[in-house]
Structures are given as structure tokens and as C-alpha cells.
Student: 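Before we start, here is the structure in question, set down as C-alpha cells.
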Amino acid sequence: MPEQLAESIVQLALRRGFFNPTAEIYRGPAGFYDLGPLGTLMKLNLINYWLDTFVRRETSYEVYLIDGSLILPFEALKASGHVDKFTDPKAECARCGRIHRLDQLIEEALGLKVEGKGIEELQEIVKVHGVRCPSCGGELTSFKEHHLMFKLSVGGGGETAFLRPETAQNIFLNFKRIAYAMRAKLPFAVAQVGKSFRNEISPRQSIIRLREFSQMEIEVFFSPIRGDGPSSFDEVGDTVLRILTREEQRRGDGGEAIELSARDAVEEGIVPNKFLAYYLAKEVRFFQSLGIPPENMRFRHLLPEETPHYSGGNFDLEVKFSFGWKEIVGNAYRRDYDLTVHSKHSGEDLSIDDNGVRVVPHVVEPSFGVERILYAILEHSYREGVRDWPLLMLPRIVSPIKAAIFPLLDRDDLVAKAWEIYTRLRSSRLPIYTVYDERGSIGRRYARADEAGVNLCVTIDHQTLQDNTVTVRDRDTAAQVRVRIDELEELIFNDAYRGLEQ
RNA sequence: GCGGCCGUGGUCUAGCCUGGACUAGGACGUGGGCUUUCCGAGCCCAAUACCCGGGUUCAAAUCCCGGCGGCCGCACCA
């Protein structure tokens with residue numbers, strides 16, 4: 001059954017224009033997807049809702065929004081550690097054909113630390129020490145590096161640069177400029193929405209693992225010595241977090257998530273600080289408002305071997321998909337790592353004055369994967385068996401089409417009236433995207449609208465011509481109400497915010 | 001990247017093993033027409049497909065090779 005859901009979603013996405021493989025007509029390389037008309041609207045709505053929630057309406061501190069370059073120079077990514085960390089040295093066994101990570105192999109066999117060493121050096125070590133295939137003892141050949149970053153050559157001199165592997169680096173690189181330009185005081189945050197690129201070895205699962213993907217990220221900068229938290233922490237402190245602890249993960253069965261409030265999670269030392277816990281709580285609320293039930297969410301505390309040495313704790317927000325639990329938000333406590341390494345490599349002082357004390361701020365980073373979230377929403381909205389046709393019960397705020405306008409019959413007077421109402425709504429200053437449809441029976445049009453997740457269907461009938469009222473049908477209940485035409489605009493707008501927190 | 005299975009209109013598929021009668025069939029959807037007073041109604045008409053390249057053959061959707069893509073497993077995945 002579960003795989004069938006994923007299949008149904010992909011079919012629907014293709015059929016209705018949510019997403020499709022890039023350069024489909026050429027069978028382009030895997031890991032690239034284009035968003036279609038409906039997918040694009042949905043993405044924009046999601047981003048706007050996210051910006052509203054995490055940037056514009058944030059009252060604990062200022063959140064500055066930036067838009068950085070996708071291409072970053074070699075030096076910046078060398079400093080951040082990506083050049084070394086995002087390269088996997090590999091070798092193949094001549095006898096059994098298995099492929100091994102060279103660095104892991106050498107560390108296991110010889111106990112040598114080889115982080116950051118080039119492929120030639122590693123090859124030399126293998127030769128000198130006679131390291132062989134751990135599976136069959138065969139000889140190692142075909143040494144090569146796999147770059148997880150897309151390498152570019154910039155300008156006439158051919159300077160090396162990369163497509164950014166995460167949006168975060170732009171924020172650290174701009175830290176000093178932003179802090180000065182905005183006269184920022186700790187704590188403050190910088191947010192960014194944009195594309196990132198990772199040259200995955202074998203991307204799969206439609207838009208879940210992409211080589212080019214969109215991130216919505218925030219870096220919160222705070223004093224490492226004050227030990228405070230967001231001023232509005234108490235507003236979300238009671239939110240229940242489901243945490244899959246490290247102890248639970250080490251159990252054979254995969255473990256059970258424990259439940260406790262965000263406040264208790266900090267007090268019991270499970271989550272390292274209030275800034276991180278604040279975001280975990282806000283994320284739960286955010287995704288709940290997007291129709292993902294709490295029992296389908298959990299925060300997995302990454303194991304030490306999964307996190308970089310500087311990490312003060314990473315908590316992945318995982319959502320239960322039809323094919324298993326999958327990360328949709330990464331929450332990292334990066335301490336002062338990034339600012340420190342960039343300060344060291346660039347020679348710039350990236351400390352900041354905090355009430356008379358120079359400090360290098362610590363950083364908490366929630367990083368949202370846009371396409372994964374879109375997919376999660378689609379899976380959680382898809383219903384079969386409610387109607388005689390598939391129904392997409394999308395969160396009203398992100399659904400691409402807020403209302404569809406139908407003349408009940410394909411009859412001149414009704415069509416003219418419907419078109420008049422449609423053009424009026426289309427000209428609205430409110431963000432209410434509407435469509436018009438007169439083809440086929442009214443039932444067929446309701447079905448089409450349901451499948452595209454259209455929030456409301458407005459039908460113009462004989463009575464409209466008499467008293468200027470129309471019927472408005474709700475997607476989720478199929479219930480109809482009669483409303484005056486001059487109330488429509490606001491009704492459609494307000495309906496999109498139905499059920500959201502104030 | 002390795003192994004297994006797979007690739008036919010927009011979607012799902014029949015045909016492939018056993019090459020020729022395939023001018024590639026069906027369902028749903030789509031466009032047009034008629035009809036139709038609120039939940040995929042009906043009738044008529046139409047358009048749209050053998051993933052790409054090479055090979056075998058008198059003849060390839062069908063057999064072989066390569067590429068690309070998909071699914072599953074392994075590996076990989078801040």
C-alpha cells in the first residue's frame with residue numbers, strides 16, 4: 001500500500017502540473033525536477049507562509065532576510081570545511097568489485113587520521129602500508145574522488161568556485177556587513193531562501209533527494225556567555241516535542257520517541273539551549289498548521305558519528321512518509337565554528353560587541369528543505385475514497401488555487417455573469433489566485449477542482465441573475481453556502497487563513 | 001556506483017517470451033460539437049505513444065549491445 005501512495009502522488013503531480021523531471025523529453029540526468037504551474041504557486045505560498053511565520057512575525061529578535069549568490073569562491077568553502085568534507089575519496093577492489101571509502105578504510109586499518117588529505121596522498125598510504133579490501137583481501141584500484149559540490153570555473157583565469165552546497169555560508173560571509181549595516185545587537189537572526197546544490201551519487205524518490213534544491217534557512221546569532229533565550233520562548237515552551245534520543249536509537253528495534261515539553265527538553269539537558277528548543281517548538285506548530293499530525297513528526301537527535309566535531313547537537317525533524325521517516329528540517333547548533341573559521345581564513349574580525357564585551361556569537365540553524373516539505377504536504381493531503389475521485393485536502397494557505405469560478409451551465413447569460421465575477425476576483429489586490437472553467441458538467445468540474453486542491457468553488461446559477469448571490473462550495477466538506485457577490489473577495493481571502501494561529 | 005526488475009499517447013495499460021496480419025488495441029483524461037438547472041451523466045467527432053542510439057534480419061514495439069531514466073536492495077546522503 002504505502003508505495004502506492006507515493007506512486008499516486010507522482011502521477012497526480014505529473015497529471016496536474018505540480019512537478020516533473022527536468023528536461024523530461026531528453027530523459028535528463030536524475031536528481032533535477034521542475035515545478036509546474038501548480039507546484040510553483042504552492043512553493044511560493046509555502047515560502048510566503050514561512051517568511052510570515054519565521055521572519056516577519058518574529059517578535060523575539062530581529063530577523064534580517066538576505067538573498068546571496070549561488071556561486072561561492074573556493075577559499076570560502078575551503079574555510080568552511082566543505083571542500084574537504086564534501087569530497088569522498090574512493091577505491092574499488094580489483095577482485096570483488098566493491099567500492100570503499102578510502103579515508104574510512106585507512107582509519108580502520110591503520111588508525112591514522114587522514115581528514116583533508118588529497119587522493120594522491122591516500123593512494124600513497126595504501127601502497128606503503130599495503131591496505132587491502134576488507135571484504136575479500138583483494139587489491140585496491142581505481143582511486144578517485146567524488147565531489148559532492150558542483151565545481152565551476154569562473155572568468156578568464158579559470159578560478160575555481162562551487163555552487164553553494166547550503167545557503168548558510170552566504171549568511172556567515174555577510175555576517176559583519178549585516179551586523180554593521182543593520183546596527184544589529186545580539187541576539188539576532190539572518191534568514192535566506194534559495195537554491196543549494198549537491199552532486200549526489202544516486203538521487204532517488206522523486207523530489208525527496210535532489211541535486212538542486214531549495215532551502216529556507218535561519219542562522220540565529222546569540223551570546224555564548226549570557227545563557228539567555230528568545231524573549232517569547234514562553235509562548236511556545238509548553239509545546240510537546242517528540243524526540244528520538246540517542247539511547248533509543250541504539251536499541252535494536254530503532255527506538256521510540258519520548259515526549260516532553262520544549263521547556264523540559266532544555267531543563268533536562270536533552271536540547272542544548274533555548275534557542276534551539278524554541279525552533280523545535282515552532283516547527284511542530286508550523287507543520288501541524290500545514291496538516292501534518294504530531295504523531296507523524298519526530299526530532300531525531302543525530303548520533304555523534306553523524307555530526308561534525310564542532311556540533312553542539314543536531315536534531316532532524318523527520319516526518320513519516322509512505323516510505324519511512326525522512327528529514328525535512330535540519331536543526332543544528334553550530335556553536336561559533338563558522339564565524340571562527342571564516343575569521344581565521346579571511347583575517348577579518350568577526351566578533352561583535354555585546355554590551356561592552358567582544359564575543360564571537362554562537363549559532364543555531366534551522367534549515368528547511370522546501371521540496372521535501374511540498375512533498376510531505378502532498379502526501380498528507382491526498383485522499384482516496386472520500387469522493388468518487390482523488391481529493392487533495394491541501395492546507396488552505398498553501399493551496400495553489402484559492403477559488404474556481406463556474407457557470408452552472410454552458411449558457412450565454414450564466415457564462416457572461418460568471419466571467420464578470422471571475423475578472424473582478426482576478427483583479428483583486430488580495431493574494432487570491434482564481435481560475436475559470438466552463439467545460440463539462442458541473443460535477444466534472446468539481447472533481448477536477450478537488451484533484452488540484454482548489455479551496456473553494458464558486459458557482460453562478462439562475463438565481464445569481466436574480467439576486468446577485470452565488471453558491472460557494474467547500475473542498476473538504478462539499479457543503480455549499482449562498483453568499484452575495486460583493487462578499488466573495490474577502491471570503492476567499494479569509495478562508496485561506498482558516499484554522500491558523502492568530 | 002554495483003546487482004535485480006522495468007521503460008508503449010497526458011495517466012494507467014494490452015501486445016514483447018514464440019519478430020511479419022500492429023495502419024500498435026483499450027480505459028481514463030484532453031480538445032471540439034450536441035445535450036445538460038449542482039457533484040467524474042449520455043451521444044458524436046478529433047488529436048496524441050513504441051525512451052535514445054547502434055546492431056541482427058527481407059522484416060524489430062518485439063531479439064542483441066550501449067546510453068539515459070524509473071523502482072527495489074546494497075553503498076552514498078550537512
Side-chain angles (χ1 to χ4, degrees), chain A residues 3-4 6-8 10-17 20-32 36 80-82 85-86 88 90-93 96-101 104 135 142 144 146 148-149 164-169 196 198-206 208-211 213 215 217 302 306-308 310-311 314 316 323 326-327 329-332 334 337-338 365 367 369 386-391 406-411 413-414 439-451 457-465 470-473 475 477-480 482:
Chain A
E3 286 79 22
Q4 283 181 357
E7 257 173 60
S8 301
V10 169
Q11 279 170 26
L12 179 75
L14 293 172
R15 211 165 56 227
R16 306 312 299 246
N20 55 268
T22 296
E24 216 181 342
I25 58 174
Y26 290 103
R27 295 291 188 284
F32 299 96
S80 68
H82 285 95
K85 193 171 57 188
F86 269 59
D88 292 338
K90 294 196 170 149
E92 191 181 336
C93 171
C96 69
R98 285 179 160 272
I99 299 203
H100 299 283
R101 284 275 300 269
Q104 286 177 359
S135 311
S142 320
K144 55 180 170 202
H146 181 81
L148 249 44
M149 289 196 290
R164 64 183 181 192
E166 58 176 11
T167 56
Q169 289 308 318
S196 290
R198 290 178 197 175
N199 198 3
E200 301 281 357
I201 295 167
S202 66
R204 270 180 206 176
Q205 288 171 321
S206 69
I208 292 295
R209 239 178 107 200
L210 295 169
R211 288 182 165 135
F213 57 101
Q215 292 183 297
E217 284 195 329
L302 297 195
E306 295 178 292
T307 51
Y310 56 81
S311 169
N314 285 49
D316 278 2
F323 43 78
K326 206 92 197 171
E327 175 204 358
V329 183
N331 296 284
R334 297 172 82 131
Y337 173 79
D338 300 274
E365 171 197 270
S367 171
V386 181
R387 310 264 153 84
D388 294 333
W389 48 82
L391 170 64
F406 305 146
L408 180 59
L409 295 170
D410 186 7
R411 228 175 61 185
D413 48 353
L414 293 180
R439 292 296 310 174
S441 70
I442 190 69
R444 179 181 292 252
R445 282 174 277 161
Y446 285 148
R448 275 199 290 253
D450 281 348
E451 210 187 16
C457 291
V458 176
T459 303
I460 284 75
D461 58 18
H462 56 291
Q463 197 184 324
T464 310
L465 303 175
V470 293
T471 64
V472 175
R473 168 191 182 270
R475 177 197 63 204
T477 62
Q480 283 179 310
R482 249 198 127 81

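Lettering of chains follows the sequences in order, A, B, ..., and the numbering in each one begins at 1.
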Student: Does this structure show an ion pair linking Arg334(A) with Glu166(A), if we count only N-O contacts that are shorter than 4.0 Å?
Tutor: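 Looking at Glu166(A) together with Arg334(A), the answer is yes, because their closest N to O distance falls below 4.0 Å.
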
Student: Does Tyr446(A) reach the main-chain N or O of Ser441(A) with its side chain, forming a donor-acceptor pair under 3.5 Å?
Tutor: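 A pair under 3.5 Å: no.
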
Student: When you compare the protein's N or O atoms with those of nucleotides 38-41 of chain B, which come within less than 3.5 Å of each other, and at what distance?
Tutor:
residue	atom	partner	partner atom	Å
C38(B)	O2	Tyr446(A)	OH	2.4
C38(B)	O2	Gln480(A)	NE2	2.8
C38(B)	N3	Thr471(A)	OG1	3.3
C38(B)	N3	Gln480(A)	NE2	3.1
C38(B)	N4	Asp461(A)	OD2	2.8
C38(B)	N4	Thr471(A)	OG1	3.0
C39(B)	O2	Arg473(A)	NH2	3.3
C39(B)	N3	Arg473(A)	NE	2.7
C39(B)	N4	Arg473(A)	NE	3.3
C39(B)	N4	Ala478(A)	O	2.8
G40(B)	N7	Asp388(A)	O	3.4
A41(B)	OP1	Arg444(A)	NH2	3.2
A41(B)	OP2	Ser441(A)	OG	2.4

Student: What integer distance in Å separates Ile25(A):CD1 from G10(B):C1'?
Tutor: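 Rounding to the nearest Å, CD1 of Ile25(A) and C1' of G10(B) are 15 Å apart.
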
Student: Would a distance-only check, ignoring hydrogens and angles, find a side-chain to backbone donor-acceptor pair under 3.5 Å from Arg475(A) to Leu391(A)?
Tutor: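 Looks like no, no N/O pair under 3.5 Å.
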
Student: For nucleotides C28(B) and C22(B), find the distance between their P atoms and express it as a whole number of Å.
Tutor: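 It comes out at 23 Å once rounded to the nearest Å.
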
Student: Under a 3.5 Å cut-off for both distances, is C2(B) Watson-Crick or wobble paired, and to whom?
Tutor: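 Across all strands, the one nucleotide that pairs with C2(B) is G73(B).
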
Student: Mind checking salt bridge (charged side-chain N to carboxylate O under 4.0 Å, His left out) for Arg444(A) and listing every partner two or more places apart, or none if nothing turns up?
Tutor: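 With neighbours one apart ignored, the set is empty.
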
Student: Which atom pairs link the protein and nucleotides 65-70 of chain B when you take only N or O atoms and keep those under 3.5 Å?
Tutor:
residue	atom	partner	partner atom	Å
C68(B)	O2'	Arg27(A)	O	2.2
G69(B)	OP1	Ala30(A)	N	2.9

Student: Under a 3.5 Å cut-off for both distances, is U23(B) Watson-Crick or wobble paired, and to whom?
Tutor: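 Base partner found: none.
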
Student: Look at the side chain of Arg473(A) and the backbone N and O of Ala478(A), then say whether any donor-acceptor pair between them is shorter than 3.5 Å.
Tutor: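 No: the side chain of Arg473(A) does not pair with the backbone of Ala478(A).
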
Student: Between the main-chain N or O of Thr167(A) and the side-chain N or O of Gln215(A), is there a donor-acceptor pair closer than 3.5 Å?
Tutor: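 Here the side-chain-to-backbone pair exists.
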
Student: A49(B) C1' sits how many Å from Leu14(A) CG, rounded?
Tutor: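 Checked: the CG to C1' distance equals 16 Å.
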
Student: Assign Asp316(A) to base, sugar-phosphate, or nothing according to its heavy-atom contacts below 4.0 angstrom with the strands shown.
Tutor: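 The residue Asp316(A) makes base contact.
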
Student: Looking at C76(B), does its base get a donor-acceptor pair with the side chain of Arg198(A) below 3.5 Å?
Tutor: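 Answer is no: no donor-acceptor pair is held.
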
Student: In whole angstroms, how far is the C1' atom of C51(B) from the CG atom of Asn20(A)?
Tutor: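 Answer to the nearest Å: 16 Å.
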
Student: Rounded to whole angstrom, note down the P distance from C6(B) over to C63(B).
Tutor: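 Here C6(B) and C63(B) have their P atoms 10 Å from each other.
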
Student: What pairs with Asn20(A) under side chain to side chain contact (heavy atoms under 4.5 Å, CB included), at least two apart in sequence or on another chain?
Tutor: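 Residues passing side chain to side chain contact (heavy atoms under 4.5 Å, CB included) with Asn20(A): Leu14(A), Glu24(A), Asp34(A).
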
Student: With rounding to the closest Å, how many angstrom separate the C1' atoms on G31(B) and U57(B)?
Tutor: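 About 42 Å, rounded to a whole number of Å.
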
Student: Say whether, by atom type as modelled, one donor and one acceptor occur between the side chain of Arg209(A) and the main chain of Arg204(A) under 3.5 angstrom.
Tutor: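 Judged by distance alone, no pair lies under 3.5 Å.
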
Student: Could you please name the partner base of G10(B), counting Watson-Crick and G-U wobble pairs only when both distances are under 3.5 Å?
Tutor: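 C28(B) is the nucleotide pairing with G10(B).
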
Student: What pairs of nitrogen or oxygen atoms, one from the protein and one from nucleotides 33-35 of chain B, lie under 3.5 Å apart?
Tutor:
residue	atom	partner	partner atom	Å
G33(B)	OP2	Arg439(A)	NH1	3.3

Student: Write down the distance separating the P atoms in C5(B) and A47(B), rounded off to the nearest Å.
Tutor: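 Taking atom P in both C5(B) and A47(B), they lie 39 Å apart.
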
Student: Report the distance from atom CG of Asp413(A) to atom NE2 of His462(A), rounding to the nearest 0.5 Å.
Tutor: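 Nearest 0.5 Å value for the CG-NE2 distance: 11.5 Å.
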
Student: When rounded to the nearest Å, what value does the distance between P atoms of A14(B) and C74(B) take?
Tutor: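 These two P atoms come out 29 Å apart once rounded.
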
Student: Please answer whether the main-chain N or O of Asp461(A) pairs with a side-chain N or O of Thr464(A) as donor and acceptor at a distance below 3.5 Å.
Tutor: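 Present.
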
Student: Using the P atoms only, state how far C65(B) lies from U13(B), rounded to an integer number of Å.
Tutor: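 That atom pair is separated by 25 Å.
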
Student: Provide the Watson-Crick or G-U wobble partner of C43(B), both distances under 3.5 Å; none if there is no partner.
Tutor: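 Answer to the pairing question: G33(B), which forms a Watson-Crick or G-U pair with C43(B).
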
Student: How many Å lie between CE on Met149(A) and C1' on C77(B), as a whole number?
Tutor: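 My rounded result for the distance is 15 Å.
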
Student: Rounded to the nearest Å, what distance is computed from the CG atom of residue Leu12(A) to the P atom of nucleotide G10(B)?
Tutor: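 Going from Leu12(A) (CG) to G10(B) (P), I get 17 Å.
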
Student: Roughly how many Å apart are G20(B) and A59(B), using the P atom of each and rounding to a whole number?
Tutor: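 Each nucleotide's P atom is 14 Å from the other's.
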
Student: Just verifying a value: how many Å separate Asn331(A) CG and Glu365(A) CD, rounded to the nearest 0.5 Å?
Tutor: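 One gets 8.5 Å once the value is rounded to the nearest 0.5 Å.
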
Student: Taking only residues two or more places apart in sequence or in another chain, which ones pass side chain to side chain donor-acceptor pair (under 3.5 Å) with Arg387(A)?
Tutor: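 Partners of Arg387(A) by the side chain to side chain donor-acceptor pair (under 3.5 Å) criterion, ordered by chain and then number, come out as Asp450(A).
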
Student: How many Å lie between CD on Glu24(A) and P on G9(B), as a whole number?
Tutor: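 So the CD-P distance, Glu24(A) to G9(B), works out to 11 Å.
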
Student: Looking across every strand, which nucleic acid part, if any, lies under 4.0 Å from Glu166(A) by heavy atom: base, sugar-phosphate, or nothing?
Tutor: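 The residue Glu166(A) makes no contact with any strand.
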
Student: In Watson-Crick or G-U wobble terms, both distances under 3.5 Å, what is the partner of C17(B)?
Tutor: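 Result: none.
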
Student: Return the value, rounded to whole Å, for the distance between atom NE2 of His462(A) and atom P of U37(B).
Tutor: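 Taking atom P of U37(B) as the reference, NE2 of His462(A) is at 11 Å.
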
Student: Heavy atoms only, 4.0 Å cut-off, all strands: where does Phe86(A) land among base, sugar-phosphate and nothing?
Tutor: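 Sugar-phosphate, no base atom in range.
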
Student: Is there a Watson-Crick or G-U wobble partner for U56(B) with both distances under 3.5 Å, and which nucleotide is it?
Tutor: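 U56(B) is paired with nothing.
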
Student: Can you measure Phe323(A) atom CZ to G73(B) atom P for me and round it to whole angstrom units?
Tutor: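 Computing the Phe323(A):CZ to G73(B):P distance gives 12 Å.
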
Student: In whole Å, measure the gap between the C1' atoms of A49(B) and U30(B) for me.
Tutor: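 So the two C1' atoms sit 15 Å from each other.
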
Student: Is there a donor-acceptor pair under 3.5 Å between the side chain of Arg445(A) and the backbone N or O of Leu408(A)?
Tutor: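 Judged by distance alone, yes, a pair lies under 3.5 Å.
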
Student: Between OG of Ser196(A) and CZ of Arg211(A), what distance do you get to the nearest 0.5 Å?
Tutor: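 Those atoms lie 15.5 Å apart.
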
